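Being a predicted model, the structure only gives us computed values, none of them experimental. Quick note on labels: first sequence line is chain A, next is B, and so on, each numbered from 1.
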Number of protein chains: 2
Amino acid sequence: MSELLTIGAVADATGVTTSALRYYDDRGVISPAARIGGQRRFDPTVIGRVNFIQRSQQAGFSLDDIVAMLDDTAGQWRALVDRKLVELTDKRARIDEMIELLTEVRACGCDVVATCDRAPSC
Amino acid sequence: MSELLTIGAVADATGVTTSALRYYDDRGVISPAARIGGQRRFDPTVIGRVNFIQRSQQAGFSLDDIVAMLDDTAGQWRALVDRKLVELTDKRARIDEMIELLTEVRACGCDVVATCDRAPSC
DNA sequence: CCTTGACTTCAAGTCGCCTTGAGGTTCTAC
DNA sequence: GTAGAACCTCAAGGCGACTTGAAGTCAAGG
């Protein structure tokens, strides 16, 4: 009963498929603690990391972005985070606009969006 | 001097490449008003439509979603819009979380995000 | 020991959204 | 009438993030 996790255990704990985890490993987004008989064994902290990856992806980060943030040793990551914060704020604004637009379009009396004068003219 | 636009004019007006516009045409997202000598001629209203497409894409809509919304004749589009509003609200919440997380991580004293106890443990 | 299920690698496939390239036609200006 | 820009189609390529499949290895229980 070791404290290291098989790839399947990590998959179960995170909801990420084993193939995706291997892909992350290949890409260097996560790093396996060890190999036992050729099989990956992960430190349990990888679960937090995978969760962080998922959240970041949902917020629009690419795997390269995430690698850059997580594996940065030159202290550049703060600048990257700053850029990403600007991007996120921007994206949020566009989503807000879209919510407003859709809410308005939804409230109109048109049968078809294409003929609604509120929709295509913004 | 017709009131119809060539594909190049639409590209200039919208910032979308001609190849993308042809692709939209093939996909049925936009449709030229006519063909002159085999060449597409667009009604100027297509510009509004292309802008709508761009905004929608930025908000996370696929071209299929957009076609479904714009070319719906069965009055189903309102339900689609409702679903999309839920999605957007959701996405906005996740972006807000990420903004909060990054702001917090940024403010910590760590050199490397990977070793920051605030980041991977959420 | 043997089975069974979880693991391994590697190559190729998928999906959405285009872009690129080849090879050809049409429009516009001189 | 002719050059050159802009247009056309069709097939293939590219990117990100995986998934799928083949063929083989490893580990745990009976």
Side-chain angles (χ1 to χ4, degrees), chain A residues 1-43 46 49-70 84 87 91, chain B residues 1-43 46 49-70 80 84 87 91 94:
Chain A
M1 185 180 186
S2 88
E3 60 215 2
L4 294 179
L5 306 171
T6 64
I7 197 169
V10 177
D12 288 346
T14 59
V16 171
T17 62
T18 57
S19 64
L21 290 171
R22 276 185 213 105
Y23 178 72
Y24 290 167
D25 188 12
D26 292 346
R27 288 284 305 265
V29 196
I30 57 177
S31 45
R35 291 276 185 150
I36 296 184
Q39 299 188 359
R40 293 169 180 83
R41 290 302 132 97
F42 294 94
D43 188 284
V46 80
R49 185 137 175 173
V50 171
N51 285 334
F52 183 77
I53 292 168
Q54 301 216 84
R55 289 170 149 271
S56 302
Q57 283 186 317
Q58 285 172 342
F61 287 62
S62 68
L63 288 181
D64 278 349
D65 284 339
I66 296 167
V67 171
M69 259 197 309
L70 290 174
K84 281 296 163 180
E87 266 179 44
K91 185 172 294 190
Chain B
M1 185 179 185
S2 89
E3 59 214 4
L4 294 179
L5 307 172
T6 63
I7 198 170
V10 177
D12 287 347
T14 58
V16 171
T17 62
T18 56
S19 64
L21 291 171
R22 276 185 214 105
Y23 178 71
Y24 290 167
D25 187 11
D26 292 345
R27 289 285 306 266
V29 197
I30 58 176
S31 48
R35 290 271 188 154
I36 296 184
Q39 298 189 359
R40 294 168 180 84
R41 290 302 132 95
F42 293 92
D43 188 285
V46 81
R49 184 139 176 170
V50 171
N51 285 335
F52 183 77
I53 293 166
Q54 300 217 83
R55 290 169 148 272
S56 302
Q57 283 186 318
Q58 286 173 341
F61 288 62
S62 69
L63 289 182
D64 278 348
D65 284 338
I66 297 168
V67 171
M69 260 199 306
L70 290 175
L80 175 60
K84 281 296 163 181
E87 267 179 43
K91 185 172 292 188
R94 276 177 281 138

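To the nearest angstrom, C1' of C:dC17 lies 16 Å from CG of B:Asp25. For the pair A:Ile7 CD1 and D:dA27 P, the computed distance is 15 Å after rounding to whole Å. One atom, CZ of B:Arg22, and another, P of C:dG21, lie 15 Å apart when rounded to the nearest Å.
Summarising the geometry, atom CD1 belonging to B:Ile66 is positioned 11.5 Å from atom CD1 belonging to B:Ile30; distances are rounded to the nearest 0.5 Å. Annotation: the span from B:Asp26 atom CG to B:Arg22 atom CZ amounts to 9.5 Å, rounded to 0.5 Å.
Within the nucleic acid shown, B:Arg40 comes within 4.0 Å of sugar-phosphate atoms alone, with no base atom in reach, counting heavy atoms only.
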**OP:** Can you check each nucleotide of nucleotides 24-30 of chain C against protein heavy atoms at under 4.0 Å and return B for base, S for sugar-phosphate only, - for none, in 5' to 3' order?
**Re:** --SS---
Original post:
If the sugar-phosphate is the primed atoms plus P, OP1 and OP2 and the base is the rest, what is the B/S/- string for nucleotides 15-22 of chain D, using protein heavy atoms under 4.0 Å?
Top reply: --BBSB--
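For B:Ala11, the side-chain contact (heavy atoms from CB on, under 4.5 Å) partners at least two apart in sequence or on another chain are B:Thr18, B:Leu21. Under the rule for a side-chain contact (heavy atoms from CB on, under 4.5 Å), A:Ser31 has no partner lying at least two apart in sequence or in another chain. The side chain to side chain donor-acceptor pair (under 3.5 Å) search around B:Gln54 returns none, not counting sequence neighbours.
At C:dT9, one or more side-chain N or O atoms of A:Arg35 fall inside 4.0 Å of OP1 or OP2 (strictly under the cut-off). A sub-4.0 Å separation between OP1 or OP2 of D:dA6 and a side-chain N or O of B:Thr6 is absent.
Contact record, B:Gly60 with B:Lys84: O-NZ, 4.4 Å, taken as the closest heavy-atom pair.
The side-chain heavy atoms of B:Phe61 and B:Ile53, taken from C-beta on, include no pair separated by under 4.5 Å.
Among pairs with a residue in residues 4-15 of chain A, none fulfils side chain to side chain donor-acceptor pair (under 3.5 Å), at least two apart in sequence or across chains.
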